[in-house]
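Before any comments, here is the structure.
Keep in mind it's a predicted model, so treat the numbers as computed, not measured.
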Amino acid sequence: MNQTDDEEILKKLEDSTKDATHRQLEALRSILEHQSKGGGVRYLRPYLHGYDAPVDANTFRQAVPLSSYEDYVDHINQMANNGPVDHDQPLLSVDPLICFFYSSGASTMKPKLIPYFDSKLSRAASFIAHQGSNAIHRRLFPPRPSVNKVLWFIYADNITTTKGGFKVMAASSYPMHSSKANWSQLASCSSPREVILGSNIEQQMYCHLLCGLRNSDSVDGIRAPYAISLINVFSLLESKWEQLCDDLEQGVPSSEISDVVMKDSVTEVLGGPQPELSRRIRVICEDKNWGGIVCKLWPNVRYIRCVTTGSMKQYYPRLKHYAGEVPFLGGDYFASECCVGINLDIMQPPETTRFVLLPTAAYFEFLPFALDEINDGEKTVDISGVEEGKMYEVVVTTYRGFYRYRLGDIVRVVDFYNSAPQVEYVMRAPKTSSEIVTEKHLMSAMESFQRVIRNDMAAEISEFASFLDLMLSPKHLKLYIEVREGCKLLQEENLEESVEILKRYGSSIEDSLGGIYMVQRKRGELGPLAVSIVKPGSFDRLSLVAIENGAPASQYKPPKIIRNRQIVDFMERCIFVTVSLDG
């Protein structure tokens, strides 16, 4: 797009945030009018039967209950298993079903299926959001003719097919697997198409990195979906730099790359032996000083872009260590179900990242939420009723078949842009009122714990998760913590000392787990906290298992709150030492 096109898109984006209440009512009217055609969708029929069309927003919110994924799962399974849908009896949408998207959630092994309908209204709303995001990026970083490559850790993921013949993929993979796939959008990627379309995430990551090193002088930016993706990349660089240098020197990827098509395409990118480049990179990596490594390997890079908010925030300090002075750009707030908000100031660090809600993207409601309280209310406010400083769970009615759907995200309203709320992403919402520890509490507890064990044991926490075991009486909270290899905590000869230190500093964890946890602990409704240190690489192995079970590699996020026994059983097999904090 040229500058004029970008300005037009940004003006449309700006206009969409004005008179947000009116635009929201128009969005709901469009959705309900469209989905009532030909007798309407079966999901809404029991709730709106007897009401005269058009149904207004107040009637809609009174008549249709709040919903979660479980309210749709029977309809979704019916569509997935029975093939082409009867258009005289549409279940969720009157639009044709194209495929299913995997959700990116990771608290269970099996991802959810999100139906993707061919909705003209949704395409129009998504176009403004995605093109607006691209225009904001180009305004900050105008394209350069000679430095024009992006080291983009992007994966098309494997496609599966439902019993009914519908394809299932990650939402981010759809542009690459669609019959209208436009590969020109990825022309700036430093890797060939065959790497993106590969089927082995570890080999793909290696080949992306190898191609990025081959094009080191022409890399303008580094991109990945989530911060964890780049943590894995830099860990790979630390462990495989010698092999990468050997590959550059010989002009052929390692024999470990078993995908012949991918290997051949990377060999072509390497363009024969590169002894000088290999020597230069070897000298840089031999120091094993990984601070600021990005600038050392890619001297012309201007930015790194990935999601660093929410559960990804924990990885930001380590990524900043690798990045040095290279700025991080924040992502947007796009869910598999719909676009939610756009980041107008992408230079902000994660703690000050804000998203402007897009009043034309869906119909939004907001369910009040408070930390350290039981949140079981069901009365929402609309976009005109949100208050600055307060937290809410986001509820959406989308163009693609979800109605008053609890998205499962907690946001805090921090400001308004024109009349559209500006929100910060806080965390994933608790699934039930029985969950006593939130994602935010857990991250706060790990930050406190990290501070004390860094000093005493030179230990760096690389990953963590919690599980509330309701099968025990009283119930128990379990924490699984992985630390980086080489620290004192993992040495057999120091095991007794490690146990003592864990017990000594256990209070730093418990003090941050929130008011509900502390009250139930004092009442004896909750047993002693169990802290398990797991072996290095445990969470990486968990990710591979999840991907084998269908989780999309491009969207995988390590779980923070585990709700699945299969994951718990896996983590239990990885334990190095467990301490019960019964003091």
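The aromatic rings of Phe402 and Tyr72 sit perpendicular to each other, their planes meeting at more than 60°, with 30° as the lower class boundary.
Between Leu28 and Val55, every side-chain heavy-atom pair lies at or beyond the 4.5 Å cut-off. Between Ile436 and Leu468, some side-chain heavy-atom pair lies under the 4.5 Å cut-off. Residues Val396 and Phe364 meet the side-chain proximity criterion, which asks for heavy atoms closer than 4.5 Å. The shortest side-chain heavy-atom distance between Cys306 and Thr308 falls under the 4.5 Å cut-off. Residues Lys478 and Glu572 form a side-chain contact, since some pair of their non-hydrogen atoms from C-beta on lies under 4.5 Å apart. Inter-residue side-chain proximity for Leu25 and Arg29 is flagged as unmet; no heavy-atom pair is nearer than 4.5 Å. In this structure, the side chains of Asp540 and Leu544 stay at 4.5 Å or more apart for every pair of heavy atoms. Considering only heavy atoms from C-beta on, Tyr392 stays 4.5 Å or farther from Thr380 through its side chain.
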So Asp71 and Arg404, salt bridge (charged side-chain N to carboxylate O under 4.0 Å, His left out) or not? Walk me through it.
CA-CA 11 Å; Asp71 296 301; Arg404 304 201 74 212; over 6 Å; no

Determine, stepwise, if the pair Arg61 / Tyr363 fulfils side chain to side chain contact (heavy atoms under 4.5 Å, CB included).
CA-CA 11 Å; Arg61 287 165 57 192; Tyr363 177 67; 3.5 Å; yes

Does Tyr226 form a side-chain hydrogen bond (donor to acceptor under 3.5 Å, both in side chains) with Ser311? I'd like the steps, not just the answer.
CA-CA 10 Å; Tyr226 297 110; Ser311 63; over 6 Å; no

Set out, in order, the CA-CA distance, both residues' side-chain angles and the distance that settles side chain to side chain contact (heavy atoms under 4.5 Å, CB included) for Glu510 and Arg521, then state yes or no.
CA-CA 10 Å; Glu510 292 201 281; Arg521 189 81 173 85; 3.3 Å; yes

Can you list the steps and then say if Arg123 with Asp118 is a salt bridge (charged side-chain N to carboxylate O under 4.0 Å, His left out)?
CA-CA 8 Å; Arg123 281 202 307 275; Asp118 188 12; 2.3 Å; yes

Would Glu365 and Ile383 count as a side chain to side chain contact (heavy atoms under 4.5 Å, CB included) if you check the C-alpha gap in whole Å, the side-chain angles of each, and the deciding distance to 0.1 Å?
CA-CA 6 Å; Glu365 297 174 63; Ile383 205 165; over 6 Å; no

Set out, in order, the CA-CA distance, both residues' side-chain angles and the distance that settles side chain to side chain contact (heavy atoms under 4.5 Å, CB included) for Glu463 and Tyr315, then state yes or no.
CA-CA 9 Å; Glu463 202 52 84; Tyr315 309 111; 2.5 Å; yes

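The shortest non-hydrogen separation linking Lys313 to Pro350 is CG-CB, 4.2 Å. Of all heavy-atom pairs spanning Gln204 and Ile196, the tightest one is NE2-O, 3.2 Å. The two atoms that bring Thr353 and Gln348 nearest to each other are OG1-O, 3.5 Å, heavy atoms only. Closest non-hydrogen pair, Leu344 versus Ile136, comes out as CD2-CD1, 3.5 Å. Considering all non-hydrogen atoms of both residues, Ala361 and Cys339 come closest at CB-O, 3.2 Å. Residues Tyr405 and Lys112 share a closest heavy-atom pair of OH-NZ, 4.5 Å.
Taking the ring centroids of Phe464 and Phe539, they lie at or beyond the 6.0 Å cut-off. Aromatic rings of Phe355 and Tyr425 (six-membered ring for Trp) have centroids beyond the 6.0 Å cut-off, not under it. Tyr116 and Phe101 have their aromatic ring centers within a separation under 6.0 angstrom.
The backbone N or O of Leu113 lies less than 3.5 Å from a partner atom in the side chain of Tyr69, making a donor-acceptor pair. Side-chain atoms of Ser444 never come within 3.5 Å of backbone atoms of Lys440 as a donor-acceptor pair (strictly under, hydrogens ignored). Distance alone, capped at 3.5 Å, places no donor-acceptor pair between the Ser133 side chain and the Ala129 backbone. Between the Thr438 side chain and the Pro430 main chain, no donor and acceptor come within less than 3.5 Å of each other. Without hydrogens or angle criteria, Thr17 side chain to Glu14 main chain gives a donor-acceptor distance under 3.5 Å. In terms of modelled atom types and a separation under 3.5 Å, the side chain of Ser16 and the main chain of Leu13 share a donor-acceptor contact. With Arg354 contributing its side chain and Asp345 its backbone, the two residues share no donor-acceptor pair below 3.5 Å. The main-chain N or O of Ala80 is found under 3.5 Å from a side-chain atom of Thr162 such that the two form a donor-acceptor pair. A donor-acceptor pair under 3.5 Å links the side-chain atoms of Asn564 to the main chain of Gln566, judged by distance alone.
The side-chain hydrogen bond (donor to acceptor under 3.5 Å, both in side chains) pairs that include a residue from residues 46-56 are Asp56-Thr59, where partners are two or more places apart or lie in different chains.
Defined by atom type and a distance below 3.5 Å, a donor-acceptor pair is present between the side-chain atoms of Gln35 and Ser93. Inspection of the Asp382 and Gln24 side chains reveals no N or O donor paired with an N or O acceptor under 3.5 Å.
Of the inter-residue distances, the one linking Arg400 atom CZ with Ile114 atom CD1 reads 12.0 Å to the nearest 0.5 angstrom. Note that the CD1 atom of Ile342 and the CG atom of Asp332 stand 5.0 Å from one another [nearest 0.5 Å]. For the atom pair Phe366 CZ and Met391 CE, the distance stands at 15.0 Å (nearest 0.5 Å). To the nearest 0.5 Å, atoms CZ (Phe334) and CG (Asn343) are separated by 9.5 Å. Here CD of Gln78 is found 7.5 Å from NE2 of His75. Values are rounded to the nearest 0.5 Å. To the nearest 0.5 Å, atoms CD (Glu393) and CG (Asp409) are separated by 8.0 Å.
Between Lys475 and Glu525, none of the side-chain N atoms (NZ, or NE/NH1/NH2) sits under 4.0 Å from a carboxylate O, so this pair counts as no salt bridge. Salt bridge Lys560/Glu439: absent, no basic N to carboxylate O contact under 4.0 Å. Using a 4.0 Å cut-off between a side-chain N of Lys or Arg and a carboxylate O of Asp or Glu, Arg23 and Asp19 do not qualify as a salt bridge.
Crowding of Lys12 atom NZ: a count of heavy atoms from other residues, nucleotides or ligands under 6.0 Å not exceeding 12.
Among the candidates Phe416, Tyr417, Tyr333, the single residue satisfying the side chain to side chain contact (heavy atoms under 4.5 Å, CB included) test with Val356 is Tyr417. Shown are Arg563, Arg565, His476; of these, the side chain to side chain contact (heavy atoms under 4.5 Å, CB included) with Phe467 is made only by Arg565.
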